[in-house]
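Proteins come first, then strands; the chains are lettered A, B, ... in the order of their sequence lines, and each starts at number 1. Hydrogens, waters and symmetry mates play no part in the numbers below; they use all other heavy atoms, side chains included.
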There are 2 protein chains.
Amino acid sequence: MQSKNVNAHLTEIRDYFKMAVSVDCVIFGFDNDELKVLLIKSDLKEYKDMWSLLGDIVRPGEELDAAADRVLKSRTGLDQVFMEQVQTFGGVHRHPAGRVITVAYYSLVNIQHAALKKHGNELHWHPVKAVHEMAFDHKEILDCCYERLKHKVIEQPVGFNLLPRKFSLRELQNLYEAILDVKLDRRNFRKKFLSMDLLVDLNEEEDDVPHRPARLYKFNFEKYDQRKKRYLGIGF
Amino acid sequence: MQSKNVNAHLTEIRDYFKMAVSVDCVIFGFDNDELKVLLIKSDLKEYKDMWSLLGDIVRPGEELDAAADRVLKSRTGLDQVFMEQVQTFGGVHRHPAGRVITVAYYSLVNIQHAALKKHGNELHWHPVKAVHEMAFDHKEILDCCYERLKHKVIEQPVGFNLLPRKFSLRELQNLYEAILDVKLDRRNFRKKFLSMDLLVDLNEEEDDVPHRPARLYKFNFEKYDQRKKRYLGIGF
DNA sequence: ACAAAAGTGTTTGTCGTACACCCATGC
DNA sequence: GCATGGGTGTACGACAAACACTTTTGT
């Protein structure tokens, strides 16, 4: 559906101003200790069987952010997730059907909550590290958004958006290690996050693990939002 | 000229797809110990006598970066300056003549080298702190780019692009103080920059100052570019 | 009892910050 | 000789990094 829409629109546009604006969403998830990205199989003949980002033409009268929200929701059913505009790609020949300038967004979703809506196309979560070739310039867009995410995650505690509401410190550490592609010291990591005083100890434990169960926490989004307004400092 | 172009294009566009793409450039300079931005007086009747950023419609077949370069060059005569894409503003009603989605850039120029080309409109350097109301959503765009600059300047030594080739440490400090709007300790500032080992002591001194003249330095861009590729660390 | 991961403190080094005095020049 | 800004070093505190053992649970 995505690609057909694009094509249908493009045929109209090409005869007029020869320019269209789209949004592309890099939808990140976290599962099995890996950072994943949601991709769809392109049905453009030029990119047969290649994977591409989720995107669509921006409609007349539609805000850019709204278009990105719409794409996200139409594919995952998710709403009100963390999303950030990253960069706009305007290469003259980036789309075979004509000039399409695309505004790239990334979003962070709880992969368990996503109810994928295929609309016919194949739609899968791919480990970010394993994605190599993509349709259009989408690999470049993915790389750009991934770099932005790495940067963001060391400045602000946004990683929680990728986790279930209840999580252990080990899961949180695995998330950071996966995103940043580094190994971190467990004690220092715990110390740092606990001293932020933004984790709420739920007095619950993991279940069904073949070893000592970990305590579960939730992130105090409200407290962070309030604090953010006051501090505005560097780092969390 | 800017606005007339926009209007001429828009009249055409409006009858068709009702969407155009433009670039807007936030051109920063540094003079008289103040951060300045180059603005032009709008000649749109809706924004009579208000100041606006320098921008233009992206031409068919023109890359976005190329459009931004073109705008910069046509107004300042400058080429190959530091420039970075920041964000795209797509508010449906941001332009009174129709839908114009604009990609915002900021650039850092040596204000002494800029040879302003007015093309009829008033064109002036304004202290960033003194800019309040602007045409369109340009104040929002300016604020956004300024925030990005603040962020950038504490991560990478890009400020040199705003200075003459030869500068004193005092000038450099004034630049940082102006951009970040803070007071810095002179000794710590000198220590930090000298320890980066990217300043070349020119063995020259200021002239015509009514006090002890300061040593002059230049920034070693080549060394920084090489080092950047190896380190990729945080901070300079 | 064994395996597997959870949980916990201390030490060390680095870096940022605060701070005051002498120096060189023009007038 | 005085006013103005240039140039310099040290001490302290905070935070990041390195590092090993005990505890809890399931099998």
B/S/- contact track for nucleotides 13-21 of chain C, protein heavy atom under 4.0 Å: ----BBBB-
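- A:Glu84 and A:Tyr106 share a side-chain donor-acceptor pair at under 3.5 Å.
- Judged by distance alone, the side chains of A:Ser52 and A:Ser42 never bring a donor and an acceptor atom under 3.5 Å apart.
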Extract from the structure each pairing of a protein N or O with an N or O of nucleotides 22-24 of chain C at less than 3.5 Å, listing the distance.
{"residue": "C:dC23", "atom": "O2", "partner": "B:Arg212", "partner atom": "NH1", "Å": "3.2"}
{"residue": "C:dA24", "atom": "O4'", "partner": "B:Arg212", "partner atom": "NE", "Å": "3.4"}

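- Residues A:Cys145 and A:Val26 come closest through the heavy atom pair SG-CG2, 3.6 Å.
- From the 5' end on, the contacts that DNA chain D makes with chain B at under 4.0 Å to a non-hydrogen atom open and close at D:dT4 to D:dT10.
- Going from atom CD of A:Gln173 over to atom P of C:dG7 covers 12 Å, rounded to whole Å.
- Mapped onto DNA chain D by nearest heavy atom, A:Val209 and B:Arg215 fall at different nucleotides, with B:Arg215 at the one closer to the 5' end.
- B:Glu177 places a side-chain N or O within donor-acceptor distance of the main-chain N or O of B:Leu184, the cut-off being under 3.5 Å.
- The list of salt bridge (Lys or Arg N to Asp or Glu O under 4.0 Å) pairs with a residue in residues 200-212 of chain A, not counting sequence neighbours, reads A:Lys166-A:Glu204, A:Asp201-A:Arg215.
- Looking only at distances, a side-chain donor or acceptor of A:Lys223 sits under 3.5 Å from a matching main-chain atom of A:Asp197.
- Contact check of residues 164-171 of chain B against DNA chain C (heavy atom, cut-off under 4.0 Å) returns no residues at all.
- Comment: B:Asp181 engages B:Lys129 in a salt bridge, judged by a side-chain N to carboxylate O separation of less than 4.0 angstrom.
- A:Asp69 is listed as a side-chain neighbour of A:Met83, based on a closest heavy-atom distance under 4.5 Å.
- When A:Phe82, A:Phe167, A:Tyr224 are each tested for a ring pair (Phe, Tyr, Trp, His ring centres under 6.0 Å) with A:Phe160, only one passes: A:Phe167.
- In this structure, the side chain of B:Glu171 engages the main chain of B:Ser168 through a donor-acceptor pair within 3.5 Å.
- Side-chain contact of B:His151 with A:Glu155: a donor-acceptor pair under 3.5 Å is present, judged by distance alone.
- For B:Lys191 and B:Phe189, the positive end is not near the middle of the six-membered ring at less than 6.0 Å and at most 45° from its axis.
- Contacts of B:Asp31 classified as salt bridge (charged side-chain N to carboxylate O under 4.0 Å, His left out), with partners at least two apart in sequence or in another chain: none.
- If you check every strand for non-hydrogen atoms under 4.0 Å, A:Arg190 touches a base.
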